[in-house]
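Step one of this worksheet: look at the structure below.
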Amino acid sequence: MTDFDRTESDDVNRVEDMKDDSSTNRDRTEPIVDRAREIIPGGAQTGLRAQAYDTGDVAFESASGATLTTVAGEQYIDYHLGFGPIILGHAHEDVDAAARAAIDDGVLYGAGTTPLEVEVAERLVDLVPSVEMVNFCNSGSEATYHAIRLARAATGNEKVLKFEGCYHGWHDYVDVSVYPPADRVGERYPESDGMLPAAVENTLVAPFNDSDAAEEIVRDHSDDLAAVILEPVPHSVGCLHPRTEFLETLREVTEVHGVPLIFDEVISGFRHSPHGVQGEVNVTPDLTCVAKALGNGYPVAAVGGRSDLLAQAGGDNESGVVISGTYSGSLPGLAAARETIDTIVAEDVQASLTDLGDRYRDGLADLLEDHGVDGRVVGHRSIFSVQFGVRGEPRTYEDVLGLDEERFHAFAAGMRERGHFFTPNPYKRHHLSAAHDEAHLESYLEAADTVLAEL
Ligand SMILES: Cc1ncc(COP(=O)(O)O)c(C=O)c1O
């Protein structure tokens with residue numbers, strides 16, 4: 001039985017000071033956002049970032065610790081944290097100093113071995129149970145792409161099984177059935193126009209936490225299945241706690257049929273634990289993808305796992321898999337990763353973040369109850385979400401359907417007015433970093449008390 005089986009400051013004052021000056025804020029923000037909209041689709045890099053505009057145009061200029069500052073000088077306590085990578089806080093002195101030292105020695109050599117890549121790879125091998133060998137890249141999507149290519153090469157099979165509500169990046173193999181509408185649940189639902197139908201066709205989907213369904217698919221497709229991929233704790237829909245029995249069944253059935261099991265720990269790796277969720281649940285996959293918190297915001301990611309799978313990418317005549325990338329293993333990212341990992345381990349960052357996360361969750365849950373607001377608080381360790389109009393512990397994507405999006409928008413807008421920033425997307429999540437503290441907690445709960453009273 002693991003944790004997952006359970007059911008059910010100063011910155012703050014400055015935020016208040018800034019609120020009066022709304023016309024100045026608009027004067028400074030609108031010109032830059034307008035220029036962006038002329039030449040950048042949606043006005044921001046990726047549509048999801050443009051969602052920040054849903055609660056009023058915003059352009060950010062700097063960040064430090066737990067604080068985000070706009071071009072107009074407004075300051076927010078940041079719960080978005082760049083979609084999760086910032087685990088130690090923005091502009092972390094030691095991480096940035098490590099990256100700067102690497103920059104001083106040249107950012108990219110593009111040939112041979114660098115001592116830094118060995119040092120970071122050794123740390124991953126030591127810390128993450130499934131990792132025997134490692135290839136670095138720059139993003140989570142690259143890592144899942146490489147993992148699937150390694151699995152296809154090893155098995156000679158084409159199909160991949162993924163789970164509804166799990167996000168594994170933007171590429172055609174996996175951007176399927178992440179947020180299917182209610183009437184498309186159970187189908188292969190492409191999340192984007194322009195995807196290759198053959199890729200979507202080869203991506204099978206099943207409900208998360210449904211051991212029988214997954215087992216049946218793996219058995220039925222044992223001749224053509226290349227991989228099973230999942231977020232062991234799906235955070236792309238807030239938080240679904242996995243049943244230990246589900247993860248164990250996946251491990252057993254994939255082992256029996258020789259299908260590589262891929263844990264996408266892009267969010268969870270180094271955020272929930274230096275050992276990943278796999279270390280928490282004692283289920284060891286064949287391949288693991290890590291990114292985000294690995295480098296505290298620097299573009300660094302990795303695919304690691306069984307050495308026979310990774311060795312396929314050795315780059316010699318015997319190795320058939322090509323893994324390449326001009327910027328893979330770039331030195332500032334690796335230096336940031338080494339410093340981030342060492343800090344997380346030395347300071348046992350997850351212990352304090354888990355405690356703080358519990359207090360945010362408990363405080364929010366109490367407020368929902370006090371105000372008679374229909375909703376629930378979900379999360380794990382340093383991640384939490386408030387979901388309106390739904391109750392009970394969500395275990396599958398369908399349990400997340402039907403949440404009250406309007407109410408979440410209103411909550412996000414009210415919290416933003418009071419200096420607390422998170423994306424107004426109701427399926428996303430709040431993140432905490434080592435820079436968040438007691439004062440932030442108090443201020444957040446005080447603001448939430450007011451906003452929930454008004455909802
Ligand atoms: C679980 C998971 N996997 C993969 C990705 C893709 O990572 P990236 O955006 O770095 O390509 C993400 C991004 O949010 C993610 O949350």
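Ligands are counted one by one from 1 in listed order, and the atoms in each one are counted from 1 as well.
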**Study point:** Numbered atoms of ligand 1 (with element) below 4.0 Å of G169, judged on heavy atoms
**Key:** 4 (C), 5 (C), 6 (C)

Review point. What is the ring orientation for F422 with Y79, classed by angle as parallel under 30°, tilted 30 to 60°, or perpendicular over 60°?
Key: perpendicular

Review point. For S382, which residues count as a side-chain hydrogen bond (donor to acceptor under 3.5 Å, both in side chains) partner, sequence neighbours excluded?
Key: R271

**Study point:** Under 3.5 Å side-chain donor-acceptor pair for N425 and Y179
**Key:** no

Check your understanding: Hey, is S139 touching ligand 1 through its side chain, its backbone, both or neither, going by heavy atoms under 4.0 Å?
Key -> both

Exercise for review: Could you find the nearest protein heavy atom to atom 3 (N) of ligand 1 and give me its residue, atom name and distance?
Suggested key: D264 OD2, 2.6 Å

Point to revise | Between R188 and T203, a side-chain donor and acceptor under 3.5 Å | key: no

Review point. Who's the nearest protein heavy-atom neighbour of atom 11 (O) of ligand 1, and how far?
Key: S141 OG, 2.6 Å

Exercise for review: Please write down residue, atom name and distance for the protein heavy atom closest to atom 1 (C) of ligand 1.
Suggested key: Y167 O, 3.1 Å

Side-chain donor-acceptor pairs of residues 41-50 under 3.5 Å, sequence neighbours excluded:
{"from": "T46", "atom 1": "OG1", "to": "R49", "atom 2": "N", "distance (Å)": "3.3"}
{"from": "R49", "atom 1": "NE", "to": "Q45", "atom 2": "O", "distance (Å)": "3.0"}

Check your understanding: Can you tell me the protein heavy atom closest to atom 10 (O) of ligand 1 and the distance?
Key -> G140 N, 2.8 Å

Check your understanding: When you look for heavy atoms under 4.0 Å from ligand 1, do you find them on the side chain of E231, its backbone, both, or neither?
Key -> side chain

Exercise for review: On the 0 to 90° scale, with breaks at 30° and 60°, tag the H171-Y173 ring pair as parallel, tilted or perpendicular.
Suggested key: perpendicular

Review point. Which protein non-hydrogen atom lies closest to atom 14 (O) of ligand 1, naming both residue and atom, and how far is it?
Key: K292 NZ, 2.8 Å

